[in-house]
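What follows is a single structure, written as structure tokens, with notes after it.
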Amino acid sequence: MKLLAIDTSTEGCSVALQLGTETLHLDEVCPQQHSKRVLPMVQQLLTDSGLTLQQLDGIVFGRGPGSFTGVRIGVGVTQGLAFGADLPVYGVSTLAAMAQAAYRLHGAKQVIAAIDARMAEIYLGFFALDATLLMQEVGAEIAIKPTALTACPLSGDSVGVGTGWQTYREPMLAWTAASGTVQISEQILYPSAQDMLALAIPAFSAGKFVAAELAEPVYVRDEVTWKKLPGRG
């Protein structure tokens, strides 16, 4: 199995390559530089592995949530590469990828993933480890103000990942205090494509990859409130 994964949904730009049981990956923090960096990073991994795009079995992409522009770049690059090489694609949640990283790095069994969504909101997801050692979503991903958080669906010890915990640490710790202890991971601020591969491999085996034209972003927040510019109505 040879899969390429791409994520540009946050300030991080990440690509990874699965070659059987071996994983190669590159991760950079490069805000607003994704469109310039992602293809050279893909080419570097392909060159290092001695493969061409046409020799791959499929492409995995970070489907969001995250930066609207970043998510669109990731989907667009994925579709361009997949069309050119006639490859199927599969989208993975950025929040789920960070949750999977928490298992990989910390052995986490429960994860609360939160990405700073700007406009005083976070993208939030809850995850629990299943018997196959993959993180599964508990409830739907949402966009919400930290001040509007209600009861946490997880109980017991959890790991907190993502920039949302950095920006809103105190209110979020206060929110989870009644449910259990949360260990905030300082290592996992952004999703990594290598963790998207871990979640995509079973989907590939199950035939869940789709044609490139069916690749869809998931923004979670459908409406954006734009501040009026001076002099505009």
Open item on the list: Looking at Arg118 and Glu11, is any side-chain nitrogen of the basic one under 4.0 Å from a carboxylate oxygen of the acidic one?
Closed with: yes

Open item on the list: Please check this pair: side chain of Ser192 against backbone of Asp195, looking for a donor-acceptor N/O pair closer than 3.5 Å.
Closed with: no

Task: Enclosure of Gln55 CD (heavy-atom neighbours >12, cutoff 6.0 Å) - done: yes

Open item on the list: Quick check against the 3.5 Å criterion: does Gln100 have a side-chain atom that pairs as donor or acceptor with the backbone of Met135?
Closed with: yes

Task: Of Pro31, Pro191, Ser67, the residue whose pairing with Thr10 passes side-chain contact (heavy atoms from CB on, under 4.5 Å) - done: Pro191

- [ ] Give the ring-plane orientation class for Phe204 versus Phe209, where under 30° counts as parallel, over 60° as perpendicular and anything between as tilted.
- [x] perpendicular

Task: Neighbour count >12 (heavy atoms, 6.0 Å) for atom CG, Asp86 - done: no

Open item on the list: Taking the six-membered ring for Trp, are Phe68 and Tyr219 closer than 6.0 Å centroid to centroid?
Closed with: yes

Task: Residues, nucleotides or ligands: over 12 heavy atoms within 6.0 Å of Gln54 CD - done: yes

Open item on the list: So does Leu19 get a backbone contact from the side chain of Glu22, meaning a donor-acceptor N/O pair under 3.5 Å?
Closed with: no

Open item on the list: Any side-chain to backbone donor/acceptor pair from Ser158 onto Leu154? Under 3.5 Å, distance only.
Closed with: no

TODO: Keeping the roles fixed (side chain from Trp175, backbone from Pro146), state whether a donor-acceptor pair exists under 3.5 Å.
DONE: no

Open item on the list: Taking Tyr90 as the starting point, is it possible to reach Phe61 by hopping between hydrophobic residues whose side chains are less than 4.5 Å apart?
Closed with: no

Task: Flag, side chain of Asp7 to backbone of Ala193, donor-acceptor distance under 3.5 Å - done: no

Task: Note: Arg221-Glu121 ion pair, threshold 4.0 Å (strictly below) - done: yes

